[in-house]
Amino acid sequence: MPSSWTAQQILSLAPDDSSRKNGQLLASARRWNNLGQSDTAIWGELAGSGASPYLTQVELSEPAFKCTCPSRKFPCKHALGLFLLYAAQPGSFRQDEPPGWVTEWLKRRANKEKPKSSTQEKPPRTTSPAALERRAAEREKRMLAGLEDLERWITDLLRQGLASAQSLPRSTWETTASRLVDAQIPGLSRMLLSTADQISSGDGWESRVLDQLSRIHMVLQGYRRIDSLSPETQADLRSLVGIVTRQDDLPVDGTVNDVWLIVSQTTNEENRLFVQRTWLWGQNSNRPALILAFAPPGQPLPPTPPPGMVLQGDLIYYPSAYPLRAVMREPIFSRKQPAKISGYANFDTAISAYAQALSQIPWLERFPMLLSDVIPLTSQGQWMLCDNYQRILPCTTSDFCGYTLLAVSGGKPIQVFGEWDGRNFMPLSVQTNYGLHVLSTINPIQEVAA
Amino acid sequence: MSYSQWQALTTSAIMGTQRRGSPTHEIPGLSQEAQANLRTLPLENQLLTNAALLSALLRAGYVPPQCQVDLPEHCPPDSAPPCSPQVASYLLRMLRKEYPQLLPEWFSLALQHGLRLNEVALPMILDYFVNDSQQKQMIIPLLGKRGEWLANQNPAWATWRKPLDQSTWENGSRKERSTYLDQTRKSAPNEARLILQSTFEKELAVDRAHFLEILSINLSPADESFLELTLNDRSKEVRRKAADLLASLPNSQLVNRMRQRLKPLISLRSSFLRTSIEVKLPETCTEDMQRDGILPDPPQTKIGQKAWWFTQMMGCIPPSEWGKIWGKSPQQIIDLIRGHEWEGALRSGLITATARHKDIVWSQTFLSDGLRHNAFSEVISLIEILPQNQQDEFAFEVLRQRNTLAPDQPMAQILTLLSHTWNEPLSQAVLRRVALHLRSADIPSWRWSGFLENILPYLHPDTLIDAIQAMTIALEARKTNDNVGEKFLAGLHFRLEMRRAIINSTQSL
């Protein structure tokens, strides 16, 4: 059973520092008895402070944790310790038929419907229709007021000119942004703050700021006349602005069943929330999907399998003019090595797909591209990828990352996954003989442990 | 529609619509009506709408340019298999300071099993060791064709490509020149000396002394004439080093001179009643004694001036000669010295001579004698002169007699001198002792954490599994927690798993 989880990834699942520390102390084989592993799970017994030992198990595909200890933390320090031990010393776990208490839990999990999916943002509400309507109307009023507010602010900004905007303190942007959050349009708050980031981004900042402002403008104008737009575009606007769609409300006609390779996973802080973006690529459908997970600061992100893993199952896409975001129901960890996924054969196909997406979602910022058969090269400090028609795409990437691509390629074509923003490609992972490798911006030897 | 239109929009945005208004463009694909509508909007809206449309058009219409530069050449295929990511992960952990003392084992084991560094590990390694000329030599055989090819692609990695040769000596940094001289001295000692001789006069004093040190490797009578000349060097440190080296050549003129000087000063007197060594201390420290490396001032006040000169001279004569001249065994001579009026001077002179001339028999004798008489500290370093298996046997014997690894006791010190893989009996004996100490908690953790760290790489690999079991049981039986012991146990696991990963990866190929 391949264990692609590294100690660092496992530790990132810890709910707090004390669990992290205690979990590490428990990652020692001498504390455990009857360690075992099967295709999907690992288990062990730990002598605790109670009379009988704690029974701890980890189901590896999600991953999911279960322990008989009384702790309310999730995952508890015992589960963390067991998982860490497995990552460090898989040999200590005997390949075996799982004992009763393991098969029972696994069966229960397979049977029941997941009551609260880990990627859900809000629990379902139950209130009277009249109250819901009233609340919706109030919300709409607040939002429209917020949008108007923002439009005035941007107009003022442009009247004065971006040159003077440069001297605006960051706090001014942040105040405006937090007003948008209050108006329940957090998506626009995020876009505004990312515009503020561009002000200090160096050469060409004016262009990027104008770009971003024009995007915000599109969203504002679009939302104004939302009722005249197609249902899919309505969905895109609502989701961008920050209106949440509950997973249970997703129409099932957006379901695609396939074998999905996880090709990248990045976490950013946005609006005082941790946002994890996981890109998947379908083996047969040859299309991407984005899974988002959120966590408020201080809480861990729900455990999501790392890049390189293969999931089998149904993906339900959110309705959109160009569906990308999705949720996965009950993913099954696939033991098969993925067949080579086609991706885009050359840049023509890739840019056409991008143009198509852009025409449907004009404010699209990052477009996923799985580029097969590209050769990385560098010239005068600029990294680029070359396709089989001898054309190049410019890349924004660190030298370390670029040389990693070069090392894997050896001058021959390779398959790279990354994001295209219309001007530059940012590589995120590359296929090697040993499977998917996540690209690192800096030398991991010198990387300071988070 | 072009970038210049975008420029115009940007300029307006920078200056502000109050001053600059907003440029009006023809937007391709937009109907006349729509264009007219656009112009009725407030200026800021016009600007933003134009920007949005233009931006989208530019992006959607992006045409990837033709490649104007040469593609990199194909890398020649490798015959050696790459190590697996799992094997490489141990390397990464060690470089991040987790059990770094096991690095040499990783390198040699990987090399032994014909592995090369896997592709994604190459930039990491090429980058990290780029300035470390010593470690580089250990890594170069593991680069494979891919590593060499990759180093060629990055000008910052030029030093990986440069072989160490004569141009290194002429133009390289001090570290590079040192590594080059060291390498050459090991394979072609005379050539190395000639290289040093060629630029010796022009080197800085500190470099002359440093490079001279390298001649201690593969020292031979062929080096003598050069070293004799160096006895006249301008720098005191250089003169001292040259004398030190000459004193290690048993048939050099310097050692002959010492023999002559000592002849009247020391003799064996055998009478009816007893045998004794007669010693007469030298009266003066002459100029040519000083030229031959005798320091006139004793290092500390514990030894008198004349005794100091005497002991230094003794230190130059191969100890086996006394045995031949007097017809006595080493042990007998040591016994004769015990209780002597000048015991200190005689003893320390002989010990110095034993070390200098690498006399195995005398080392063995001094060590056993030290063990019997509880006088280890002066002779302990002689252990390094013995061949490895004798070192292990001696250590085993000491452990048998002095059943403790407490840090102030000689055993712990002896083990730290044995920097090679120990034989199984010694490894097992040490591990048994470590387990006992851990269980009884009679050595405070902080006192021997360094010791446990140091011995980890030298335990015989076949003893690791039993060691893990023993330590596990010992730690369990303890009443208190012990982080140092736990770390040692985890280190044993690490080493075992690392070795398994490397060995198994080649078996499955």
Side-chain angles (χ1 to χ4, degrees), chain A residues 6 28-30 88-89 91 154-155 158-164 206-207 209-211 213-215 217-218 221 347 351 354-355 358-359 362 375 377-379 384 386-387 390-393 399-400 403-404 406-412 422-423 430 432-435 437 443-447 449, chain B residues 6 9-10 13-20 42-45 47-49 51-52 55-56 58-69 71-75 82 84-85 89 92 95-96 118-120 122-124 126-128 146 149-150 153-154 472 475-476 486 489-490 493-494 497 500:
Chain A
T6 64
S28 151
R30 64 183 193 83
Q89 299 162 26
I154 293 182
T155 306
L158 279 176
R159 211 170 272 156
Q160 309 284 339
L162 297 180
S164 48
E206 309 92 337
S207 203
V209 170
L210 180 60
D211 211 10
L213 286 174
S214 73
R215 272 203 194 100
H217 178 74
M218 270 195 276
Q221 301 308 316
F347 294 155
I351 303 280
Y354 171 66
L358 197 62
S359 68
I375 300 178
L377 64 147
T378 179
S379 169
M384 40 195 140
C386 183
D387 72 349
Q390 252 50 324
R391 280 173 319 211
I392 55 145
L393 274 188
D399 269 341
F400 184 78
Y403 282 112
T404 308
L406 207 51
V408 175
S409 120
K412 301 221 179 87
R423 294 184 225 273
V430 59
T432 72
N433 289 332
Y434 280 108
H437 172 80
N443 193 332
I445 301 175
Q446 285 143 346
E447 194 180 300
Chain B
W6 179 259
L9 283 170
T10 316
I14 299 173
M15 316 252 349
T17 54
Q18 209 161 24
R19 272 192 281 176
R20 217 13 208 255
L43 285 178
E44 297 75 31
N45 281 24
L47 195 142
L48 286 171
T49 307
S55 173
L58 287 172
R59 283 199 158 88
Y62 180 82
V63 177
Q66 279 302 118
C67 183
Q68 302 287 356
V69 294
L71 290 173
E73 278 183 23
H74 281 192
C75 170
S84 67
S89 74
L92 176 58
L95 291 172
R96 296 184 68 167
N118 60 336
E119 286 78 6
V120 298
L122 286 169
M124 195 171 84
L126 288 172
D127 189 46
Y128 190 69
R146 188 61 63 97
W149 176 90
L150 189 66
Q153 307 294 324
N154 186 356
T472 308
L475 286 169
E476 214 143 88
E486 298 280 355
L489 177 57
H493 274 294
F494 186 96
E497 299 280 330
R500 269 198 190 138

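Values reported hereafter were calculated over all heavy atoms of this structure, with side chains retained and with hydrogens, waters and symmetry mates removed. Since this is a predicted model, take the numbers as computed values, not measurements.
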Interatomic distance, Leu210(A) atom CG to Leu9(B) atom CG [nearest 0.5 angstrom]: 6.5 Å
Residue Glu497(B) versus chain A: region with a heavy atom under 4.5 Å: side chain
Toward chain B, the part of Asn443(A) with a non-hydrogen atom under 4.5 Å: side chain
Proximal component of Leu489(B), with respect to chain A [non-hydrogen, under 4.5 Å]: side chain
Structural part of Gln68(B) lying under 4.5 Å from a heavy atom of chain A: neither
For chain B, the option from Met218(A), Met384(A), Arg423(A) that forms the most heavy-atom pairs under 4.5 Å: Arg423(A)
Any side-chain heavy-atom pair of Asn45(B) and Gln221(A) under 4.5 Å: yes
Nearest-0.5 Å distance that lies between atom OG1 in Thr378(A) and atom CD in Gln153(B): 10.0 Å
Portion of Ser207(A) that has a non-hydrogen atom of chain B nearer than 4.5 angstrom: both
Any side-chain heavy-atom pair of Thr432(A) and Asn118(B) under 4.5 Å: no
Test item: Arg59(B) and Tyr354(A) side chains (from C-beta on) under 4.5 Å apart, heavy atoms: yes
Heavy-atom check, side chain of Pro444(A) versus side chain of Leu92(B), under 4.5 Å: yes
Per-residue contact mode, Thr49(B) against chain A (heavy atom under 4.5 angstrom): both
Toward chain A, the part of Met15(B) with a non-hydrogen atom under 4.5 Å: backbone
Beyond-backbone contact of Leu377(A) with Cys67(B), side-chain heavy atoms, under 4.5 angstrom: yes
Shortest non-hydrogen contact between Pro82(B) and Tyr434(A), atoms and distance: O-OH, 3.2 Å
Heavy-atom side-chain proximity of Gln446(A) to Asp127(B) below 4.5 angstrom: yes
Max heavy-atom pair count under 4.5 Å with chain A, selected residue of Thr10(B), Ile14(B), Thr472(B), Leu150(B): Ile14(B)
Residue part contacting chain B, namely of Thr155(A), when any heavy atom lies under 4.5 Å: both
Region of Leu95(B) in contact with chain A, defined by heavy-atom distances below 4.5 Å: both
No-hydrogen, no-angle side-chain donor-acceptor test under 3.5 Å, Tyr403(A) and Asn154(B): yes
Pairwise distance CG(Asp211(A)) to CH2(Trp6(B)) - rounded to 0.5 angstrom: 4.5 Å
Residue among Arg500(B), Glu476(B), Glu73(B) with most heavy-atom pairs under 4.5 Å to chain A: Glu476(B)
Minimum heavy-atom distance Tyr62(B)-Ile351(A), with the two atoms named: O-CG2, 3.6 Å
Heavy-atom pairs under 4.5 Å with chain A, option from Ala60(B), Ala13(B), Cys75(B) with the top count: Ala13(B)
Heavy-atom closest contact (Glu486(B) atom, Ser28(A) atom, distance): OE1-OG, 4.3 Å
Region of Arg159(A) that comes under 4.5 Å of a non-hydrogen atom in chain B: both
Side chain, backbone, both or neither of Leu358(A) within contact of chain B (heavy atoms, under 4.5 Å): side chain
Residue among Ser55(B), Pro65(B), Ser84(B), Ala51(B) with most heavy-atom pairs under 4.5 Å to chain A: Pro65(B)
Leu475(B) versus chain A, the contacting section by heavy-atom distance below 4.5 Å: both
Separation of Leu122(B) CG from Thr404(A) OG1 (nearest 0.5 Å): 9.5 Å
Under 4.5 Å from any heavy atom of chain B - which part of Leu406(A): both
